[in-house]
Amino acid sequence: PYGTPPRDTIPDFPSAVKSISYKRRKDVFPMRRLIALTFALTLLVLPVRAASASRYVALTFDDGPSGKYTRALLDGLYDRGAKATFLLCGYRIKDYPEIAQRILEEGHEIGYHGYSHDSMKTMSRRGIAQELMDTEALLPEGCHPAFLRPPGGFSSDAVQQVAQARGLAILHWSVDPHDWEIHNKQAIEKAVLEQVHDGDIILLHDMSTSSVEAALDIVDALLKQDYEFVTVSELARLRGQRPKAGTVYKKFPPPEQEIK
């Protein structure tokens, strides 16, 4: 009874293991399929968060650079990761060349606002061209403006002709809180936040404490509403537009708003 069993009754060890392993696999495979199917069905019934389309707005600042106000504004924009477009006057660039350089280096856009800030509406083509050339001579190296905003937004055939000849689009705006006039931070903020929509171009000035503080509060409020702050050129690009020289632009709304 304690002898060695006949050889033909001893199971082949590798074959036995293979048989057991195969049986286990046959049992496991259906279970894996069931788990995978259950997981897939779970995904189908889970709530899915819809990806919201980004909304964009362009802040623009006229009449600078202005020393301490522009410095404070640039500090605040930097802290918030917001970009803006600065329409600069030549005579002020002459006083604050380092600020113009900083504007460019920090990724903001620079446009023309004339040299003297005199109205271009009654200027000759020669006079308008001279304003632009005098300003161009003071711009930071590597700065090539794409936009002209005539002081006050006052234009004429001569302005459009000079802009076209120099490859500049004419930049107006779609939201104007009259910050240069009211000097009231809360009123400025309210006027902008009640009017602003996707694709708007906001007109402000970096010439007073009330304007700068309002601008930064506006950035904070709109960031919470998932707006992104971009330069005017970037806004146009995001909307698939290439601004044409001599043409007036007030905003760059989404295509569906343009249809309406």
Legend entry - Donor-acceptor pair, side chain of Tyr96 and main chain of Gly64, under 3.5 angstrom: no
Legend entry - Heavy-atom pair of closest approach, residues Pro65 and Ile99: CB-CG2, 3.8 Å
Legend entry - Side-chain donor/acceptor of Thr85 to backbone N/O of Thr60, under 3.5 Å: no
Legend entry - Chi angles and distances behind the side chain to side chain contact (heavy atoms under 4.5 Å, CB included) call for Leu139, Ile93: CA-CA 7 Å; Leu139 292 174; Ile93 300 174; 3.8 Å; yes
Legend entry - Separation between CG of Asp134 and SG of Cys89, rounded to the nearest 0.5 Å: 12.5 Å
Legend entry - Any side-chain heavy-atom pair of Leu73 and Phe86 under 4.5 Å: yes
Inset, instruction - Mind checking salt bridge (Lys or Arg N to Asp or Glu O under 4.0 Å) for Lys83 and listing every partner two or more places apart, or none if nothing turns up? - result: none
Legend entry - Side-chain donor/acceptor of Ser66 to backbone N/O of Asp206, under 3.5 Å: yes
Inset, instruction - Identify the two heavy atoms, one from Ile128 and one from Met120, that lie closest to each other, and give their separation to 0.1 Å. - result: CD1-O, 3.9 Å
Legend entry - Passing option when Asp179 is tested against Ser208, Ser211, Ser210 for side-chain hydrogen bond (donor to acceptor under 3.5 Å, both in side chains): Ser211
Inset, instruction - Answer yes when Asp217 and Lys185 have at least one side-chain N-carboxylate O distance shorter than 4.0 Å, and no when they do not. - result: yes
Inset, instruction - Apply side-chain hydrogen bond (donor to acceptor under 3.5 Å, both in side chains) to Glu105 and list each qualifying residue two or more places apart in sequence or on a separate chain. - result: Gln101
Inset, instruction - Indicate whether the side chain of Glu131 and that of Ser116 have a donor and an acceptor atom separated by less than 3.5 Å. - result: yes
Legend entry - Between CD1 on residue Ile218 and CD1 on residue Ile202, distance to nearest 0.5 Å: 6.0 Å
Inset, instruction - Provide the closest heavy-atom pair for Ser233 versus Phe147 in the form atom of the first, atom of the second, distance. - result: OG-CE1, 3.4 Å
Legend entry - Under 3.5 Å: donor-acceptor pair, side chain of His113, backbone of Arg149: yes
Inset, instruction - For the pair His108 (side chain) and Ala84 (backbone), establish whether a donor and an acceptor sit closer than 3.5 Å, ignoring hydrogens and angles. - result: yes
Inset, instruction - Can you see which heavy atom on Pro243 is nearest to which on Tyr249, and at what distance? - result: CA-OH, 3.4 Å
Legend entry - Interatomic distance, Arg92 atom CZ to Leu138 atom CG [nearest 0.5 angstrom]: 14.0 Å
Inset, instruction - If the plane angle is over 60° it's perpendicular, under 30° parallel, otherwise tilted; pick one for Trp180 and His178. - result: tilted
Inset, instruction - Answer with yes or no whether the hydrophobic clustering places Val159 together with Leu132; edges join I, L, V, M, F, W, Y residues whose side-chain heavy atoms lie under 4.5 Å apart. - result: yes
Legend entry - Arg71 and Glu98: CA distance, side-chain angles, deciding distance, side chain to side chain contact (heavy atoms under 4.5 Å, CB included) verdict: CA-CA 10 Å; Arg71 292 189 189 99; Glu98 75 286 355; 3.3 Å; yes
Inset, instruction - Return the set of residues passing salt bridge (Lys or Arg N to Asp or Glu O under 4.0 Å) with Glu141 (not counting sequence neighbours), or none when no residue passes. - result: none
Inset, instruction - Group every Ile, Leu, Val, Met, Phe, Trp and Tyr by side-chain heavy-atom contacts under 4.5 Å, then state whether Met123 and Leu148 land in the same group. - result: yes
Inset, instruction - First locate atom CG of Asp62, then atom CH2 of Trp173, and finally report the distance between them rounded to the nearest 0.5 Å. - result: 7.0 Å
Inset, instruction - State, to 0.1 Å, how close Ser156 and Lys121 come at their nearest heavy-atom pair, and which atoms those are. - result: CB-O, 3.7 Å
Inset, instruction - Without swapping roles, check the side chain of Asp200 against the backbone of His197 for a donor-acceptor pair under 3.5 Å. - result: yes
Legend entry - Any Asp79 side-chain heavy atom under 4.5 Å of Leu216 side chain: no
Inset, instruction - Report whether Val232 and Ile103 are members of the same hydrophobic cluster (ILVMFWY, side-chain heavy atoms less than 4.5 Å apart, transitive linking). - result: no
Legend entry - Inter-residue atom distance Leu59.CG - Leu77.CG, 0.5 Å rounding: 7.0 Å
Listing, residues 161-171 side-chain donor-acceptor contacts under 3.5 Å, not counting sequence neighbours, or none:
unit_1 : atom_1 : unit_2 : atom_2 : d
Gln161 : OE1    : Arg125 : NH1    : 3.4
Arg166 : NH2    : Glu136 : OE1    : 2.9

Inset, instruction - Using the test salt bridge (Lys or Arg N to Asp or Glu O under 4.0 Å), find all partners of Asp75 that sit at least two apart in sequence or belong to another chain. - result: Arg102
Legend entry - Flag side-chain contact, heavy atom, 4.5 Å: Leu235 against Val57: no
Legend entry - 4.5 Å side-chain heavy-atom contact, Leu223 and Val219: yes
Inset, instruction - Check whether Val192 and Leu203 end up in the same hydrophobic cluster, where Ile, Leu, Val, Met, Phe, Trp and Tyr are linked by side-chain heavy atoms less than 4.5 Å apart. - result: no
Inset, instruction - Flag the pair Thr209 / Tyr69 as yes when at least one side-chain heavy-atom distance between them is below 4.5 Å, and no otherwise. - result: yes
Inset, instruction - Group every Ile, Leu, Val, Met, Phe, Trp and Tyr by side-chain heavy-atom contacts under 4.5 Å, then state whether Val212 and Phe229 land in the same group. - result: yes
Legend entry - salt bridge (charged side-chain N to carboxylate O under 4.0 Å, His left out) evaluation trace for Arg80 with Asp220: CA-CA 8 Å; Arg80 293 160 174 77; Asp220 291 337; 2.7 Å; yes
Inset, instruction - Applying salt bridge (Lys or Arg N to Asp or Glu O under 4.0 Å), name anything that partners Arg239, two or more places apart in sequence or on another chain. - result: Asp198
Legend entry - Tyr91, OH: over 12 other non-hydrogen atoms inside 6.0 angstrom: yes
Inset, instruction - Check Ser174 against Gln195 and note the closest heavy-atom contact, atom names and distance. - result: O-OE1, 4.5 Å
Inset, instruction - Quick one: pull up CZ in Phe252 and CG in Leu238 and give me the separation to the nearest 0.5 Å. - result: 11.0 Å
